[in-house]
Novice: 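Okay, here's the structure, questions in a sec.
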Number of protein chains: 2
Amino acid sequence: MPKNADEKRLKILETAKRRFAHYGMAKTTMAEIAKDLSFSKALLYYYFPDKNSLYAAVLEHVVEELEEDIAESLKSVISVSEAIVIVLEKRMEFVKKYYYILEYTVLMRKDLSTELDQLLIDSFENQKGIIKSVFQRGVERGELMDVDLEEISKIFLFSCMGMRLVVVKDLKSSFIPDKEEFDAILAMQKKMSAIFIRGLKV
Amino acid sequence: MPKNADEKRLKILETAKRRFAHYGMAKTTMAEIAKDLSFSKALLYYYFPDKNSLYAAVLEHVVEELEEDIAESLKSVISVSEAIVIVLEKRMEFVKKYYYILEYTVLMRKDLSTELDQLLIDSFENQKGIIKSVFQRGVERGELMDVDLEEISKIFLFSCMGMRLVVVKDLKSSFIPDKEEFDAILAMQKKMSAIFIRGLKV
DNA sequence: GATTTGACTTTTGCTTTTAAAAATTCAGAT
DNA sequence: ATCTGAATTTTTAAAAGCAAAAGTCAAATC
């Protein structure tokens with residue numbers, strides 16, 4: 001019975017994820033999710049306190065997917081450069097794949113619930129941690145200088161993230177940037193990181 | 001007589017600049033500008049086709065101020081690092097000083113008039129040119145590697161600009177970021193550029 | 001003829017209104 | 001403890017009205 005309950009929770013999560021990924025938060029209604037599952041709308045509220053929490057759960061889910069994916073990919077990688085390229089590519093792939101889910105957090109930046117806000121902070125910290133550990137390995141191997149990695153990782157991440165913001169101007173129009181734009185951004189991020197890493201070499 | 005006409009045009013420009021710098025584009029009316037000068041509103045339209053053109057003229061004016069200021073400051077500077085720091089500081093000072101004037105272009109990013117759009121593109125190109133010539137001098141002096149400076153300058157500028165966008169989230173609320181935020185951004189930009197430049201060294 | 005203006009017209013940017021849609025609650029059924 | 005239908009509350013979005021601001025122009029002034 002409790003197992004069955006968990007299954008239902010998961011089903012809701014999956015269905016919501018599909019809807020959010022396709023139509024975004026604003027254009028997805030609780031009624032639609034319920035209908036997809038042939039559940040009553042009220043049942044959704046039995047498993048999730050409100051729409052926002054459901055969204056947060058979905059977001060957490062996909063963010064974990066990215067984190068695991070990156071962690072897995074980095075296992076076999078040796079050099080700092082290679083590792084950073086992997087991270088950048090995975091990140092970009094992720095943004096492309098879940099654009100409509102992520103869009104809401106960008107649009108709402110300011111007034112997000114504490115829950116969501118914390119989730120984003122955690123996600124950022126995780127990303128920073130990954131970058132940091134990549135650099136850390138470089139330092140240990142004598143490849144990179146011994147600098148304040150906490151700070152450097154943050155700066156590096158900010159540079160990469162910002163690059164995307166500069167190019168993608170119209171966040172309001174909820175229009176997904178085209179492949180060319182994404183590719184151009186990724187190319188710049190790679191080039192920047194190549195120079196950046198070189199600047200950290202011993 | 002024509003000289004007097006030019007003077008009036010300039011007076012309008014100055015008054016508009018003061019208003020725009022203090023209240024921003026949206027909160028400044030043509031009637032107010034006219035009243036400040038004891039001109040009739042219609043006279044403003046004799047010298048400028050519309051409010052947008054007046055704004056563009058003001059923006060062009062302040063942008064030129066920045067460009068000249070930077071060019072002047074760079075005359076005496078030798079090393080790449082020093083030069084870049086100067087550019088970053090001047091840029092930030094400029095943003096602080098004319099925040100309410102610049103705000104409009106950021107808010108309206110998408111639907112700006114061709115005129116304004118071109119002005120921003122030109123300004124960006126100018127900034128890129130400055131960075132490029134700084135790097136160029138570094139290359140000539142044998143300080144930096146010989147790379148595609150056009151591309152590198154763009155990437156460098158994007159990284160710096162983006163950094164600000166990442167930190168300043170609420171462009172909508174038309175709230176001026178506080179000194180601490182600006183300082184934090186500038187500090188990161190400086191650190192980033194130090195590593196970046198080191199990454200370009202021969 | 002180049003400037004300048006007051007009076008006039010058109011647009012734009014708010015409220016306010018309001019109807020529908022969506023979120024959320026809840027008493028009671030399973 | 002799970003689940004639902006029906007009812008309630010909140011949001012959203014379109015329409016209407018209105019005041020302020022943008023923009024025009026014929027006539028006056030220099």
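Below, chain A is the first sequence line, B the second, and so on; all start at residue 1.
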Novice: If only side-chain N and O atoms of A/Y46 are considered, is one of them under 4.0 Å from the OP1 or OP2 phosphate oxygen of D/dT2?
Specialist: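 For A/Y46, the contact criterion (side-chain N or O under 4.0 Å from OP1 or OP2 of D/dT2) is met.
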Novice: OH of A/Y45 versus C1' of C/dA27: gap in Å, rounded?
Specialist: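 A/Y45 atom OH is separated from C/dA27 atom C1' by 18 Å.
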Novice: What nucleotide, of C/dT3, C/dA23, D/dC3, holds the atom closest to the side chain of B/Y47?
Specialist: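 So the nucleotide nearest the side chain must be C/dT3.
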Novice: What integer distance in Å separates A/E7:CD from D/dA1:P?
Specialist: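 One finds 19 Å between P of D/dA1 and CD of A/E7, rounded.
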Novice: State which of C/dA23, D/dT24, D/dA21 makes the closest approach to the side chain of A/K51.
Specialist: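 Closest nucleotide to the A/K51 side chain: C/dA23.
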Novice: Any salt bridge linking B/R137 with B/E143? Criterion: basic side-chain nitrogen under 4.0 Å from a carboxylate oxygen.
Specialist: no
Novice: Give the rounded distance in Å between these two atoms: CG of B/L43 and P of C/dA2.
Specialist: 15 Å
Novice: Taking the six-membered ring where the residue is Trp, are the ring centres of A/Y23 and A/Y100 under 6.0 Å apart?
Specialist: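 Between A/Y23 and A/Y100, the centre distance exceeds or equals 6.0 Å.
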Novice: Less than 6.0 angstrom from the centroid, inside 45 degrees of the normal: does A/K8 satisfy that with respect to the ring of A/Y47?
Specialist: no
Novice: Scan side-chain atoms only and decide if A/S53 and A/D50 contain a donor-acceptor pair under the 3.5 Å cut-off.
Specialist: yes
Novice: Answer with yes or no after comparing the ring centroid distance for A/F196 and B/F196 against a 6.0 Å cut-off, counting only values under it.
Specialist: no
Novice: What is the separation between atom CE on B/M30 and atom P on C/dT5, rounded to the nearest whole Å?
Specialist: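 To the nearest whole Å, that distance equals 14 Å.
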Novice: Base, sugar-phosphate, or nothing: which does B/T28 touch, judged by heavy atoms less than 4.0 Å apart?
Specialist: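 Sugar-phosphate, backbone atoms only, no base.
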Novice: Given C/dT25, C/dA23, C/dT4, which nucleotide is nearest the side-chain atoms of B/K8?
Specialist: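 Shortest atom-to-atom distance from the side chain points to C/dT4.
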Novice: Any donor-acceptor pair, under 3.5 Å, between the side chain of A/K41 and the base of C/dT24, if you only look at N and O atoms?
Specialist: yes
Novice: Take atom NZ of B/K11 and atom C1' of C/dT3, then tell me their distance rounded to the nearest Å.
Specialist: 17 Å
Novice: Please figure out whether B/E32 or A/S40 has its closest DNA chain D nucleotide nearer the 5' end.
Specialist: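 Residue closer to the 5' terminus by nearest nucleotide: A/S40.
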Novice: Rounded off to whole Å, could you give me the CG-to-P distance for the B/D50 and D/dG23 pair?
Specialist: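 Nearest whole value for this atom pair: 5 Å.
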Novice: Heavy atom of residues 16-27 of chain B under 4.0 Å from DNA chain C: which residues?
Specialist: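 Listed by number, there are none.
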Novice: Answer yes if the ring centres of B/F124 and B/F158 are under 6.0 angstrom apart, and no otherwise.
Specialist: yes
Novice: For A/P49 and B/A42, take the nucleotide of DNA chain C holding the closest heavy atom to each; which residue's nucleotide lies nearer the 5' end?
Specialist: B/A42
Novice: By nearest atom, which of the nucleotides C/dC26, C/dA23, D/dT2 is closest to the A/T29 side chain?
Specialist: C/dA23
Novice: Mind checking salt bridge (charged side-chain N to carboxylate O under 4.0 Å, His left out) for B/E82 and listing every partner two or more places apart, or none if nothing turns up?
Specialist: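 Not a single residue meets the salt bridge (charged side-chain N to carboxylate O under 4.0 Å, His left out) criterion with B/E82.
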Novice: B/K35 NZ to C/dT4 C1': how many Å, rounded?
Specialist: 19 Å
Novice: Starting from C1' on D/dT2, measure out to CG on A/L44 and report it in whole angstrom.
Specialist: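 In whole Å, D/dT2 C1' and A/L44 CG are 13 Å from each other.
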